[in-house]
Asks: 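One structure, pasted below without further comment.
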Amino acid sequence: MRTIYGAAGAMLLLLIGLSIVGFASAAPAPAPTAKVDVNTLPPIVSAAKPAPVSFNAEKAVNAYLGTVKGEARARSDAYFEGGYALLLVDAIYAVAIAALLLWLRISARMRDVAQSVTRSRFWQAPIYVILFLIVTTVAGFPLAVYEGFIREHAYGLSNMSFMQWLGDFAKGFGVQLLFGTIVLTLIYAAVRASGRRWWMWGWLIAMIFGVIGAVIVPVFIAPLFNNYYPLREGPVKAEILSLARSNGIPVTNVYEFNASRQSKRISANVSGFLGTTRISMTDNLLNRTTPRETYAVLGHEMGHYVLSHNAIGLTWFGLVLFVAFAFVNWGYRRLTEVFGGNWDVRAIDDPAGLPVAMALVSVFFLVATPVTNTITRTLEAQADIFGLNTARQPDGFATVTLKLSEYRKLDPSPLEEFVFYDHPSGRSRITMAMRWKAEHLNDPDIKAGPVSPQ
Ligand SMILES: [Zn+2]
């Protein structure tokens, strides 16, 4: 760290030095003697502005929101609000599993097994971690079935048979087992090597793997679950690629994938990092939306790409994770001081204490929900306004937002949105779109576009 600060300090001094030299040489410049002609620029808005079309943004927002009503609105609200309770249920469930592993001394026994297999403390860690991940996944399986399969079917969002779902679950578990074991083994090695400052080194290792994960997910992990292929030919593709080129996005980075294998959800995403950043849209998006809606969504995704949201998001989450590691360090000491004897769990370098750390992580991220949601929701709102400016489809954006209400409540209270929303709500998004439209009513493309309900 010292060398980084040293280098940064040297750069700062160099910059200050250069700017002083710059000011010194600029000071004695001669006064201008040549006559300068000054022409006034024509106003941006022509004086012969036509009378504005009758359009009331607020009325349009309410009219759009009013189109999702009755059964559809009730189901959307129930699905999303159920998610609030599940946040709490997930955390309680995780803490309960950890408590059972500790008080029944299952965790201590798993550590003893690892110690009986090898005397190497390095290799004891992965043996314990593999046992831990298997036991916790089995224990969490009923909740995973409910949340991932039963509930999704109950709301008509899933396209999967149980065997298909189980196949994806098994693949996900395989990926988790591989990377979880590697990361936790290295963190335990760092814990033994660094003593009291283990949590800073643990955080650093987690961040490095966060970056590696972000780079390899679109190339090696995502294709395990779906087929990715270039966009199919046609006028929509031509328009999307033009939009991409105009925003400086390498055209090969626009993909389609068969998300309909898993669900009916309309979505698209920007994944990857450094060299592997790419925009992918679901087949559901292309099949269930109009071209205007598709451009609106793609404009949003291009915003994520152009504004480097993956790097910015990783930075923000790095800060949150730093606090999380500090919290685990603090909480682990307190809890093992009191209960360590009952659990047969020793200091942080004892793998048998992993359930304590995992329970603390669950509690931390439950409490941090408004913070992590506000980070993503803020970036999403930036992508929204970028998308409106580049795709210029305020009504397409509004109608596709209504379609997203299948899985996101449209009209929450501001506090509810602050706490629970990782994307802006339907009301916020349609308000943004109609406000944008109100300021662009006289643009030829907007004039010729769809008429908003009033
Ligand atoms: Zn987004």
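Every number for a ligand or one of its atoms is a count from 1 in the order of the listing. Residue indices begin at 1 and follow the sequence shown.
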Asks: Taking ring-ring contact (aromatic ring centres under 6.0 Å, His included) as the test, write out the residues that go with F317, two or more places apart.
Replies: none
Asks: Any Lys/Arg nitrogen of R261 or D283 sitting under 4.0 Å from an Asp/Glu carboxylate oxygen of the other?
Replies: no
Asks: Just checking, any donor-acceptor pair under 3.5 angstrom between side chains of N159 and S263?
Replies: no
Asks: How long is the straight-line distance from OG of S405 back to CZ of R429, given to the nearest 0.5 Å?
Replies: 12.0 Å
Asks: With rounding to the nearest 0.5 Å, note down the distance linking CZ in R265 to CG in N284.
Replies: 10.5 Å
Asks: Take the Zn ion (ligand 1) as the centre and count protein N, O or S atoms at distances under 2.8 Å.
Replies: 3
Asks: So, S362 and Y93: side-chain donor and acceptor under 3.5 Å apart, yes or no?
Replies: no
